[in-house]
Amino acid sequence: MRGVATVREAVFAVPRPARLLRLPPAWPLTGLLVLYPLWWALGLGTLIFPILAVPMAVWLSRRAKIAVPPGFALWLAFCAVVVISLLALDVDPAGTIPGGLGSRLPGALFRVLGYASVTIMLLYAGNQTERDLPRRRLVAMLVWLFAVTVAGGLLGMFAGHFEFTSPLEMLLPAKVAKDGFVQSLVHPAAAQVMDFLGYETPRPAAPWGYTNTWGNNLGILAPFVVVAAFATPAKAAVRVGALALLAVALVPAVYSMNRGLWVNIGVAGAYLAVRFLLMGRVWILGVLGGVLVAAAIAVTLTPLGGVIQQRLANGHSDDGRGYSTEQALTGVWESPVIGYGNTRKTLGSGASIAVGATEDCPRCGGRVIGGNGQLWQAIYAHGIAGALTYVGFFCWVLWRFRKDRSAIGLAASVAMLLSLTSMFYYNALYTPLALTFMAYALLWRNQREPETTA
């Protein structure tokens, strides 16, 4: 009878979910990074971060002990200021468009959700073992995203008007789907088309939504291509492919007319040169010299030089950025400690309070205070306390890991440094900060497992 019962149990037993679907270790992070082009096409590009942060949080909650990285207390202090600053959402600073809690809360909560998501991602990536998520595999996924970014840049160059309605966008009510902010989240487009040169100019944006975000992410990811190809065991074909990928990336990088990206490339090169010289590796000067000569030849003998000259001759956003920065620095003194919990729109522009949006110029007037750089957003939305904790965190991390001379450590340090230089002209949420925190996780894991540091 026992044998019959055993057979019956085997026949009618319901398999456990874990046996039905055997997911690989670290699958939420792998799925987020490797499948990002799919999420973008589905209209889930930015939204996938808080979505996949949920299974990461569940995984962390089941651990007996969660390790935290050096400097994490400073980051938590910044996050605490972000939450506290929500108390000032109903304040109407002088010179801004009046509003209320209801209109400002969704955007503020979206930003809070972003900081929470990348924090969970950091803890999740940092608490993985070398067996479940090797550091070199994480670097390989970042290299994959670099290749995706370059492909998106080329798409933006040659098919700048390419766009389509995503499946998620189709499911939204028409009124919601047409909202400008919602469009930036769910409507895939190859480029942002602008006319500041006197004619329509597509500037690469895919798959990151905005040209500035595209440039920010390209700069963060580029050093990891060098690491994967030349600082880890790799075949000659892989190294040639990496060099070719970096060379091709130069084309959309120039055609994006993204001056912030150009500055970041220079900063990254100078930083690495100094670090290598301090390690006694004088040969880096020869390498950098060769790169500069090659770049100069490419710019001189190709149309790239003309693009650069046109961009430098047309400041486009300079006046608007200067005006927004001035408003952030002067306006914060009405709530200096915690700021206003979110950005605000100015009454008119720097020319007149009567200037407003029109059909021909939908972006005229109503400048977003805090929308032209992470530093200005931190100061205005979260006050001096927010700015100090944010900048202090990245400065401390750079100093804390200054002795990491591994290839991965140097590349990750570049990402942390660029978070400081970029904060003057780029905003960090969501994707640039998430990628920067992957670099932070690599630095942290290098410290915990130095015997296998790459």
Side-chain angles (χ1 to χ4, degrees), residues 23-56 110 113-114 116-122 124-125 128 133 135-156 159 162-169 182-192 204-225 228 245 248-249 252-253 256 261 411-412 415 426-442:
L23 296 170
W27 67 265
L29 186 58
T30 302
L32 189 154
L33 299 178
V34 173
L35 298 179
Y36 191 81
L38 173 63
W39 306 132
W40 173 73
L42 292 175
L44 289 168
T46 299
L47 300 174
I48 198 62
F49 287 86
I51 291 173
L52 287 181
V54 174
M56 294 183 198
F110 186 74
L113 184 63
S117 300
V118 299
T119 303
I120 291 169
M121 284 181 60
L122 166 67
Y124 182 83
Q128 298 294 321
L133 182 63
R135 279 164 285 175
R136 288 177 181 174
R137 184 189 301 166
L138 180 52
V139 169
M141 290 190 286
L142 295 176
V143 172
W144 158 250
L145 278 182
F146 179 83
V148 168
T149 304
V150 173
L154 294 174
L155 178 66
F162 175 77
E163 58 182 310
F164 59 93
T165 303
S166 71
L168 178 59
E169 188 178 358
V182 175
Q183 280 278 299
S184 70
L185 297 176
V186 303
H187 187 77
Q192 285 187 279
W208 306 112
Y210 293 100
T211 298
N212 281 346
T213 307
W214 182 89
N216 199 353
N217 289 344
L218 189 78
I220 292 170
L221 295 169
F224 293 104
V225 180
L245 180 61
V248 171
S256 71
L261 170 59
Y426 287 149
N427 289 96
L429 279 178
Y430 273 44
T431 54
L433 188 58
L435 297 178
T436 301
F437 271 20
M438 292 303 96
Y440 183 22
L442 287 168

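What you see below is based on every heavy atom in this structure, not just the backbone, and it leaves out hydrogens, waters and symmetry mates.
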Check whether any side-chain heavy atom of [X] lies under 4.5 Å from a side-chain heavy atom of [Y], and answer yes or no.
X      : Y      : value
Leu35  : Ile48  : no
Met141 : Leu138 : yes
Trp144 : Pro37  : yes
Leu29  : Met438 : yes

Working to the nearest 0.5 Å, report the span between [atom1] of [X] and [atom2] of [Y].
X      : Y      : atom1 : atom2 : result
Trp208 : Thr213 : CH2   : OG1   : 9.5 Å
Trp27  : Leu32  : CH2   : CG    : 10.5 Å
Leu442 : Arg136 : CG    : CZ    : 12.0 Å
Tyr36  : Leu145 : OH    : CG    : 8.5 Å
Thr211 : Gln192 : OG1   : CD    : 4.0 Å
Leu44  : Leu52  : CG    : CG    : 9.0 Å

To check you understand the geometry: which heavy-atom pair defines the closest contact between [X] and [Y], and what is its length?
X      : Y      : result
Phe224 : Val139 : O-CG1, 3.8 Å
Ala441 : Ala125 : CB-CB, 3.9 Å
Phe164 : Ala41  : CE1-O, 3.4 Å
Ile120 : Ala53  : CG2-O, 3.6 Å
Gly31  : Trp39  : O-NE1, 3.0 Å
Pro252 : Pro204 : O-CG, 4.2 Å

Margin query: Assess the residue pair Trp40 and Val148 against the criterion (side-chain contact (heavy atoms from CB on, under 4.5 Å)); give the C-alpha distance rounded to whole Å, side-chain angles, the decisive distance to 0.1 Å, and a yes or no.
Written below: CA-CA 11 Å; Trp40 173 73; Val148 168; over 6 Å; no
Which atom pairs, one a donor and one an acceptor, fall under 3.5 Å between side chains of residues 426-436 and the rest of the protein, sequence neighbours left out?
unit_1: Tyr426; atom_1: OH; unit_2: Asn258; atom_2: OD1; d: 2.4
unit_1: Tyr426; atom_1: OH; unit_2: Asn258; atom_2: ND2; d: 3.3
unit_1: Tyr426; atom_1: OH; unit_2: Leu261; atom_2: N; d: 2.9
unit_1: Asn427; atom_1: OD1; unit_2: Gly373; atom_2: N; d: 3.4
unit_1: Asn427; atom_1: ND2; unit_2: Gly370; atom_2: O; d: 3.3
unit_1: Tyr430; atom_1: OH; unit_2: Phe110; atom_2: O; d: 2.7
unit_1: Tyr430; atom_1: OH; unit_2: Gly114; atom_2: N; d: 3.2
unit_1: Thr431; atom_1: OG1; unit_2: Asn217; atom_2: ND2; d: 3.1
unit_1: Thr436; atom_1: OG1; unit_2: Pro432; atom_2: O; d: 2.8

